[in-house]
Every structure is written in structure tokens, then in C-alpha cells.
Amino acid sequence: MPRPLEKEEKDLKESGHLAERDSEKSNLGPGICGQIEKLVLCKRYNEALELFEIVECEGGDFDVNVDTYDALVGACIALRSIRGVKRVFSHMVNSGVDFDLYMMNRVLLMHVRCRMMIDARQLFEDMPERNLVSWNTIIGGLVDSGDYLDAFSLFLMMWEEDSDDVGSRTFATMVRASAGLELISPGQQLHSCALKMGLSGDVFVSCALIDMYSKCGSIEDAKFVFDMMPEKTTVAWNSVIAGYALHGYSEEALSMYYEMQDSGVKMDHFTYSMIIRVCTRLASLPHAKQAHAGLIRNGFGSDVVASTALVDFYSKWGRIGDARNVFDRMPQKNVISWNALISGYGNHGRGAEAVDLFQQMVRQGMVPNHITFLAVLSACCYSGLSDRGWEIFESMSRDYKVKPRAMHYACMVELLGREGLLDEAFSLLRDSPIKPTINMWAALLTACRVHKNLELGKYAAEKLYGMEPEKLSNYVVLLNIYSSSGKLQEAAEVLRTLRRKGLRMLPACTWIEIKKQQYVFFTGDKSHPQTKEIYDNLEEVKLQISKHGYLPHGNNLLPDVDEREESMLLHHSEKLAISFGLISTPSSTPLQLVQSHRICNDCHNAIKLISTVYQREIVFRDGSRFHHFKDGHCSCGDYW
DNA sequence: CTAGGGTTAG
């Protein structure tokens, strides 16, 4: 039963929300209707609906007036309770209460909010009269549930019925529908209509337009609409930043964020979530720390989404301890938060802890999804926990009713491949209930490369050519397999195929951030002002790691780059970047690098030794995965 | 009617 309402009642009376209540309706006991209305006013919606249900069950029919129905409808809207909608609505119908236009619109909204779109459409059809609110409610509901085309046809009906009555709200909604369809032309038409009707100054229309243009691929138009806004709201800034982030313009997104900060507009948890994600892509620790501080300072520290983004950031950049800290402080966590941390542990080569967390999450009643399983399976895979991996793989559909998808099979192919069980890996791929996908063949091909199985590797590579003939890296892996086993003729053949197809290898580049500044290095790069120091230091590094057993072995494995680079092994972009990092940061500072291609064997080996000799943690993201080098070991288990 | 923007994997 509801707890007493004295405090809220007092507050409401003082604020004028409660007037001469209780006396006027006394048809049922001690003012049940009044109780319900008060509970709704205090946002205690669950209790309001419970009370309604109790009275309904006990008393059979009791008189409820319009205000109480309105309150109950409000409770259903707030709670999105389908059960509530059914009960309240049928009570209303049976009571013969008068559905005026206002009440019809409320009832319509109640159905829309609870995603009962079939009933909502029927209600709308049956309405004896409709106004702008009715149209907006039903059209908005259709857009929210992704029925964009239906939304358009209703909008056109509305337009024909009375085009003068179409307001800015409707326009904003329809612009959102165009964004959902990812069709720019209806969006443009709506834009010009809005201009003609003088609605373009409307904040909501502008924000919807920004979002629509960026989702339809025109960030320039989005920026134009944004620039035209006389007063830029938080959402306007967020929308345009989201646009840049969506298109991979991370630097632009970041600089817009600083402009937003300077403009004095309040930033919210949406802003921070996006920016933290941008920092993840840019591998920028200082900017991420700044955003983390801002998040806390502005009181969004307990936001689930932003905190999850932070967990992801810290774990991707080598700071799994910090990730864990953020996670442990989160007052609420969702599946995504757990997934982020589990895959973090997996990427750090800490599979046992990932499995522990998985079990902990299940014990706490969190329901794992397909991504959870991908995270925990790949954690087992990276750490060589194959028995545990198989157990979990088998339990996922049996105990958790999550059907393994192609990616889960690809992961298990990799798990077998790591152990050198290539035939078993191939059988799993062939016998899986899913048609083998690119990822499954690629996992097999990687296994063949690492374990030097020419025949199967060639077979997998050919499959991949058929599936993605324009993708360079497939050819390069085969090229590597051939050249590393001395099959030079075959290697030359692959190169000829490449030329025939006009596929050019792109130069590899590595970038590193020092003091909030990004530096990019190409192989043999001499454009940096400190070039001499970088190269001299590299010689010194080579000398130091040679004492610990470093031997250049360029003929062993080509990187995914131009063959010219083979002779420039020592000057690979990752080595240059690391050399620069070593001389530009205090000792024991971790280094963070991003590489466009897959790291080559020689660099991988060299970096492992550097991490020991110079006592540096080196976090390296390459084209295929995440490497965390520490004390001479890499989190990938030397398999990538 | 009270709109518009955000997090995990690939």
C-alpha cells in the first residue's frame, strides 16, 4: 500500500497544485480518486496504478471522473505500461466517460508511448474530430517506431486536409523521418517548405535538420544549418558534434567541443559521452581526462552511458585499472557496461578475470547478450583458455538462449587456430549452421599464416577473394604466407594479380599523441623537425634490444605494406613513432600508438623487448587488434 | 502533444 502522502500533499498545497479536493468526490471510500491524482502529481505512478487496480478488483464498478482518468493516463504514459493502458482504457470505455478531443488525444498518446501502434492507428481512424495535436501524436509515434513511410503518407494526408495547420513540430518530426530513411531529398523539400513557411527559425526544426543532414551524409549542410542558428542550444551543439563524430571527423568533433565550451553553452551527459568516444578513437588520454573531469564536475558522473564510454576508453588505452575504478563506482550498470569491461580484460590478455566478471554479472541477474558472449569468448581465445571457451560456447544457447552468430563461430575458429588445430578449425567453419562468413575465413587464414599451412591458407584466401575481391589485406596475407615459406614464384603471382586488379598498397602510418598534439609517421619518414634525434635514438634502441636478443628478421614476414618497405625494417613507422615517444616523454610514461595496418612480426618483437629494456607500457592499436606490451609480453599472446 | 543529441562488438 502507498506510504502516507503528508509531505507531498503539503508541498503541493503550498505550490497551488492541490485545490479544494477531497470534499467534491466521495463516491468511493476516503477519496480514492483524489489519492490516485495526488500520487500521480507526486510522480509515484506505480503506486497510483496499483491503487487503481486494487480498487477496480475489489469494488467492481466505481465512479471515476475525468480528472482521475487523466491522471491514470499520465501514469501509463510515464511508465509505458501496456498492462496499465489496457486496464485504464477498458475502464474508461465501460464507464461511458465523455471522450472530448483533449481526452482522445491523451488516450492516443498513451497508446503511442506504450508502442501499441495498431490500437493507436485504429483510435486515430475512429476519432470523430482531430486537431494538430492528434496528427502530431500519431505521426510522431510512427516515426518513433520506425514506420517512416507510414508517417509520410499520414503527413501528406494532413497536408492535403489543411496545409496551414501544419506547424513546426510536425516539420521537425518529418525531418526526423527523413533522417530515419536516410533520404536527403524529402529532407531538403521539408527544409525549403519550412523556409517558405517561416518556420526555419524554430530551434527544434533546426536541430532536426542538423541531425538529418549529417545522417544523410552531408555534414556541410548540417554545419550550415547550425551556423545559421542565431542562438545555439546544447542540443544543436550536440547534434553537430555527433555529425562530425559519425563521419569519422574526430578532430573536428573535438574542436567543436572546445568551441562549445568557450561559447558558454551548458554541456550535458550527451556531450561528454560523445566526446569520450571520440577520444577513444583518437587515443587521446589528456582530452579524455579533461572530459572525465568535466563530466564529474557538472554532475553527470553517475550517467551510465558516459561512464560506460569511460570504461571503454580506459581499457582500450592500457589503463584497465582505471576502467575498473570507473566501473566499480557506477551506481547503475547495464549490459553494455559489463560488456565493455569484460572485453577490456580480454584485450589485456586477462582472460581468467574476464570469465570471472562474466560469472559475476550472471550471478547479479544481468542477462548476457550476444556481445557479452563475443567478449568472453574472445577473452578465452586471447588467453588460451580453450576448454573454458568451449564450455561457454556450448552453454550460450543451452543455458542462456543466445544463438551463436557468425562472429561467435569466427571466434571459435580462431581459438582452434591458435592451438594449431587447423583441421578442426576448418571442420568447425564448414559444419557450422551458418554459411561461412568473411570473418570466419579470415580467422582461418590468420591461423594458416601463423602456423604456415600453405594449402589450407591458399584455399581460405581464395574464398576471401571471392567474397571481397577488392580487399587488399586478403592478398597481402597470402603474399606473406608464400614469401615467408620461400615460395617466391607464388608470391610473385599474387603480386601480379594485385597489379592486374589495380590494387595499390597504401603506405603504413603510425600516430602518437604527445602533450595533446598528434604526430603522424610514415615508413622512413623524415619530415619531423626532430628527425635526427629520432633516428639516432632508434640506433641506440636497436643496440639496447639487441643485447636482449633482438634480431631483425625482415624476410620472415612482410608487413601489410609496399614491398619497398621490406628493406626499411628499422624505419617502420611504428618504430619511428616509438623512438619519438621515448625521447619526448618522461621515463615510465606509457606510450599510446595507433597504426593503420597490421603490425609486422619484427616490430612486434622489437616492441616487446623495448617494453622490458625501457620499462614502458606500450599500448598499440593496429588494423587488426589491440596490443598491450608490458615486461616483454604482449596481451595478444603473439597471435594477431 | 513538449520534440532534437549519447555507451559495448564488427
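In what follows, chains carry the letters A, B, and so on, assigned in the order in which the sequence lines appear, proteins first and then strands, with residues in each chain numbered from 1.
- Put simply, CD1 on A/I276 is 11 Å from P on B/dT7, counting in whole angstrom units.
- Comparing B/dG10, B/dG5, B/dT8 by their nearest atom to the side chain of A/A242 picks out B/dG5.
- The listed nucleotides are B/dT2, B/dA9, B/dA3; the one nearest the side chain of A/I371 is B/dA9.
- Atom CD of A/E468 has more than 12 neighbouring heavy atoms from other residues, nucleotides or ligands inside a 6.0 Å radius.
- Counting non-hydrogen atoms of other residues, nucleotides and ligands closer than 6.0 Å to OH of A/Y249 gives a total of 12 or fewer.
- Straight-line distance from the CZ atom of A/F300 to the P atom of B/dT7: 16 Å, rounded to whole Å.
- Rounded to an integer number of Å, the gap from A/L209 CG to B/dA3 C1' is 13 Å.
- Summarising the geometry, the separation between CG on A/N347 and P on B/dA9 is reported as 8 Å, rounded to the nearest angstrom.
- Note: CH2 (A/W441) to P (B/dG10) measures 21 Å, nearest angstrom.
- Checking B/dT2, B/dT7, B/dA9 against every side-chain atom of A/L374, the shortest atom distance belongs to B/dA9.
- Residue A/T234 is in base contact, counting any heavy-atom pair closer than 4.0 Å across all strands shown.
- Counting heavy atoms of neighbouring residues, nucleotides and ligands inside a 6.0 Å radius, atom CZ of A/R405 does not exceed 12 of them.
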Donor-acceptor pairs are to be reported for all side-chain atoms of residues 235-243 of chain A against protein atoms at under 3.5 Å, with residues two or more places apart or in another chain.
residue : atom : partner : partner atom : Å
A/N238  : OD1  : A/T271  : OG1          : 2.8
A/N238  : ND2  : A/D268  : OD1          : 3.1
A/S239  : OG   : A/V235  : O            : 2.8

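- Of the side-chain N and O atoms in A/K316, one or more sit less than 4.0 angstrom from OP1 or OP2 of B/dA9.
- Following rounding to the nearest Å, A/M366 (CE) and B/dT7 (P) show an atom-to-atom distance of 19 Å.
- If you check every strand for non-hydrogen atoms under 4.0 Å, A/N369 touches nothing.
- Listed nucleotides B/dG10, B/dT8, B/dG5 differ in distance to A/M407; the shortest reach to its side chain belongs to B/dG10.
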Residues 134-143 of chain A, side-chain donor-acceptor partners within the protein, below 3.5 Å, at least two apart:
residue : atom : partner : partner atom : Å
A/S134  : OG   : A/N105  : OD1          : 2.8
A/S134  : OG   : A/N131  : N            : 2.9
A/S134  : OG   : A/N131  : O            : 3.2
A/S134  : OG   : A/N131  : OD1          : 2.9
A/N136  : OD1  : A/T170  : OG1          : 2.7
A/T137  : OG1  : A/V133  : O            : 2.7

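- A/N105 comes within 4.0 angstrom of no nucleic acid atom, judged by non-hydrogen atoms across all strands.
- No more than 12 heavy atoms of other residues, nucleotides or ligands sit less than 6.0 Å from atom NZ of A/K463.
- Across all strands, A/R113 comes closer than 4.0 Å only to sugar-phosphate atoms, never to a base (heavy-atom distances).
- Counting non-hydrogen atoms of neighbouring residues, nucleotides and ligands closer than 6.0 angstrom, the CD atom of A/Q364 exceeds 12 such neighbours.
- Using a 4.0 Å cut-off, no side-chain N or O of A/R277 falls inside it from OP1 or OP2 of B/dA9.
- Nucleic acid contact class of A/V203 (heavy atoms, under 4.0 Å, all strands): base.
- Among the protein residues, A/A306 comes within range of the nucleic acid bases, having at least one heavy atom under 4.0 Å from a base atom.
- Atom CE in A/M274 sits about 6 Å away from atom C1' in B/dG5, given to the nearest Å.
- Comparing atom distances between the A/V235 side chain and each of B/dG10, B/dT8, B/dG5 picks out B/dG5 as nearest.
- The number of heavy-atom neighbours closer than 6.0 Å to CZ of A/F224, taken from other residues, nucleotides and ligands shown, is 12 or below.
- The nearest whole Å value for the distance from the CZ atom in A/F226 to the C1' atom in B/dG5 is 12 Å.
- In the set B/dA9, B/dG5, B/dT7, B/dG5 carries the atom at the smallest distance from any side-chain atom of A/D268.
- For A/F270, taking side-chain heavy atoms from C-beta onward, the closest of the listed nucleotides B/dG5, B/dT7, B/dG10 is B/dG5.
- With B/dT7, B/dA9, B/dG5 as the candidates, the nucleotide lying closest to the side chain of A/A309 is B/dT7.
- A salt bridge does not link A/D144 with A/R113: none of the charged nitrogens is closer than 4.0 Å to a carboxylate oxygen.
- Taking a 4.0 Å limit (strictly below) on heavy-atom distances, residues 210-225 of chain A reaches DNA chain B at A/D211, A/K215.
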